[in-house]
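Chain A is the first sequence line, chain B the second, and so forth, proteins listed ahead of strands; every chain is numbered from 1.
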There are 2 protein chains.
Amino acid sequence: MESRNVPKSSVTVRELIRTNYTSLTPSERKFAQALLDNYPSAGLTSITAAARNANVSVPTVARMINKLGFTGYPPFHHALLQELEAKALGPTERRAKWASEAPETHQLNRFTETVMRNLEQTFANIDSAQFDAAVKAMAETSSHLYVVGGRITQSLATYAFTHFQAVREHTTHMTSVSATWPHYVLDMQKGDVLLVFDIRRYDAGLMRLAEQATREGVQVVLITDQWTSPVADWADYTFNCWVEIPSAWDSNVATMLLLEAMIAAIQEENWPRARARYDRLEDLFDRMNLFRRS
Amino acid sequence: MESRNVPKSSVTVRELIRTNYTSLTPSERKFAQALLDNYPSAGLTSITAAARNANVSVPTVARMINKLGFTGYPPFHHALLQELEAKALGPTERRAKWASEAPETHQLNRFTETVMRNLEQTFANIDSAQFDAAVKAMAETSSHLYVVGGRITQSLATYAFTHFQAVREHTTHMTSVSATWPHYVLDMQKGDVLLVFDIRRYDAGLMRLAEQATREGVQVVLITDQWTSPVADWADYTFNCWVEIPSAWDSNVATMLLLEAMIAAIQEENWPRARARYDRLEDLFDRMNLFRRS
DNA sequence: TCGATTGTGTCAAATTATTTTCAGGCGGTT
DNA sequence: AACCGCCTGAAAATAATTTGACACAATCGA
């Protein structure tokens with residue numbers, strides 16, 4: 001990793017930051033983020049101004065730049081300028097495309113644009129009080145947490161389960177085979193929580209499951225699309241995710257973001273315990289020799 | 001005439017040069033040309049370097065800048081930088097103010113903010129030519145497409161598989177049980193494609209799998225994190241996703257977005273066939289009475 | 001809890017950039 | 001031909017940036 005990172009003309013500063021990111025200290029990363037957030041403008045001023053804008057000290061910037069392989073700030077500044085010129089942002093009035101070198105009309109950009117709009121809608125519509133309440137319920141480790149998904153959202157449920165499992169005990173992933181659901185309901189108790197994913201092509205079975213669970217005194221948290229699954233009738237907390245994209249299927253990026261936000265919040269809610277579990281997990285991985293130490 | 005040349009924020013330096021051009025001396029014009037030829041890069045260095053590049057003296061530049069209405073070189077430099085920043089608007093740049101009603105400091109907003117930054121970084125680092133090439137390889141229906149993931153990314157692999165299956169034939173999801181992988185490799189043929197997800201806590205088995213697949217003449221597409229999995233050594237196409245969040249685990253929102261963009265692109269690549277498959281799928285759902293018509 | 005290590009900001013010296021001053025040079029006019 | 005106005009770059013004075021040394025703070029491991 002630390003192999004010589006002499007900045008060749010063909011290597012962008014962005015790439016240098018990426019390849020050296022692991023060797024950067026927290027405040028160096030802070031500066032790196034500030035630079036990448038406003039690339040390359042943030043690096044085209046004096047080191048003094050650049051440091052001030054990132055809220056770090058000047059030497060921190062200088063040290064980071066050395067780590068990147070530059071001999072000083074001026075060479076770094078010069079490298080950024082070279083990139084800028086190479087992008088041909090200069091002579092012609094060509095539109096600046098700093099976020100991605102792909103052209104405006106490239107499907108990658110069009111797609112991203114649409115998804116961004118979905119994220120916007122999704123988060124503009126979340127009620128934070130409801131979010132907090134749902135998180136609190138799901139963080140309660142004395143009761144059981146069940147996770148279930150539909151056809152497409154099954155993998156989201158798996159993802160949720162994998163992380164919940166690391167954060168808290170008493171978590172169960174209900175398979176997508178609806179025939180097995182009654183078995184799970186059998187064990188549900190008052191105060192338990194059921195997290196349901198239901199994105200369109202709503203699953204009728206999920207509604208019946210939610211109904212039965214509610215009757216058992218279980219709190220239901222529903223993550224659905226903008227049109228709202230019928231499961232909402234039995235849900236205590238409902239969250240709508242905007243999923244529409246110009247395609248035959250739906251985008252679940254917003255769903256994923258909401259889910260991760262919930263996991264993060266739950267982790268925060270009972271941190272000491274979660275931390276202990278993570279440490280234990282790491283230890284178990286080591287013992288079982290499953291992953292390379294990176 | 002000179003009195004009204006106070007550089008307002010909305011007036012570009014370019015315009016200032018044009019309106020004041022007649023009042024410029026020969027060598028001042030020489031510098032003006034050099035600046036316009038390489039706009040705005042030529043003005044984003046020190047006055048010394050800028051003057052040298054235009055083959056004029058430093059005072060000449062200083063005088064010209066005064067004529068344009070600036071009080072010195074630094075304000076001029078700053079104005080150019082502002083213009084540059086104002087132009088840099090990418091697909092992910094819209095995040096500006098769509099926070100939910102929750103307060104700035106609510107964890108929901110803080111989390112979202114971080115993820116947005118990851119999305120930005122991810123897409124700024126994608127090479128569109130590479131993306132196109134990888135998509136083309138994966139869209140080739142005459143060869144087989146294999147999908148495999150690691151511990152956490154297993155669910156992403158499942159998600160990918162579910163969608164690929166709808167879009168094209170000959171798709172196989174390799175389970176995360178590495179003991180079964182040799183069986184799959186047995187069937188791999190030259191020209192087939194293997195899509196690998198490997199986010200940190202890299203899986204050593206995945207690397208060996210990629211190595212063997214490569215030896216069989218299979219093209220490997222890798223989706224990894226910003227630090228790059230060792231699988232990259234055997235991959236024909238590598239895509240880095242920014243995954244770091246202030247937490248014990250990694251965010252896969254960016255990974256999901258990239259994956260969906262790929263699915264969308266593949267669908268686009270051979271639309272008629274994909275469309276026929278979707279219609280057929282809908283029909284089958286109806287016949288099997290699996291989902292409520294919504 | 002205590003060292004050892006690592007990270008981070010303050011400070012000051014050295015360097016470099018910016019501004020100002022000034023003198024030479026070039027055309028055009030008397 | 002000599003004078004005058006203006007343009008231009010050299011050089012000095014001033015202001016700023018850059019960088020290395022140092023000390024304090026935070027973190028980690030024993």
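Listed candidates were D:dT17, D:dT19, C:dG7. Nearest to the side chain of A:Ser46 is D:dT17. You'll find that the side chain of B:Pro74 is closest to C:dT18, out of C:dG7, C:dT18, D:dG9. Considering only the side chain of B:Pro59, C:dT20 comes nearest among C:dT19, C:dT20, C:dT10.
A:Glu83 places a side-chain N or O within 3.5 Å of a backbone atom of A:Val13 that can act as its donor or acceptor partner. Judged by distance alone, the side chain of A:Tyr39 and the main-chain N or O of A:Arg14 form a donor-acceptor pair under 3.5 Å. The backbone N or O of A:Ala264 sits nowhere less than 3.5 Å from a side-chain atom of A:His163 that would complete a donor-acceptor pair.
Atom CG of A:Asn55 is separated from atom C1' of C:dG9 by 13 Å (rounded to the nearest Å). Here C:dA17 presents its C1' atom at 9 Å from CD1 of B:Ile47, a figure rounded to the nearest Å. In this structure, B:Arg63 atom CZ and C:dC22 atom P are separated by 14 Å, rounded to whole Å. Between the P atom of D:dT18 and the CG atom of A:Asn66 lies a distance of 13 Å, rounded to the nearest Å. Straight-line distance from the CG atom of A:Leu24 to the C1' atom of C:dT6: 15 Å, rounded to whole Å. With rounding to whole Å, A:Met64 atom CE is found 14 Å from D:dT18 atom P. Following rounding to the nearest Å, B:Arg29 (CZ) and D:dC6 (P) show an atom-to-atom distance of 16 Å. Separating the NZ atom of A:Lys30 from the C1' atom of C:dG9 is a distance of 12 Å, rounded to the nearest angstrom.
Ring geometry for A:Phe76 against A:Phe31 counts as tilted: the plane angle lies between 30° and 60°, on a 0 to 90° scale.
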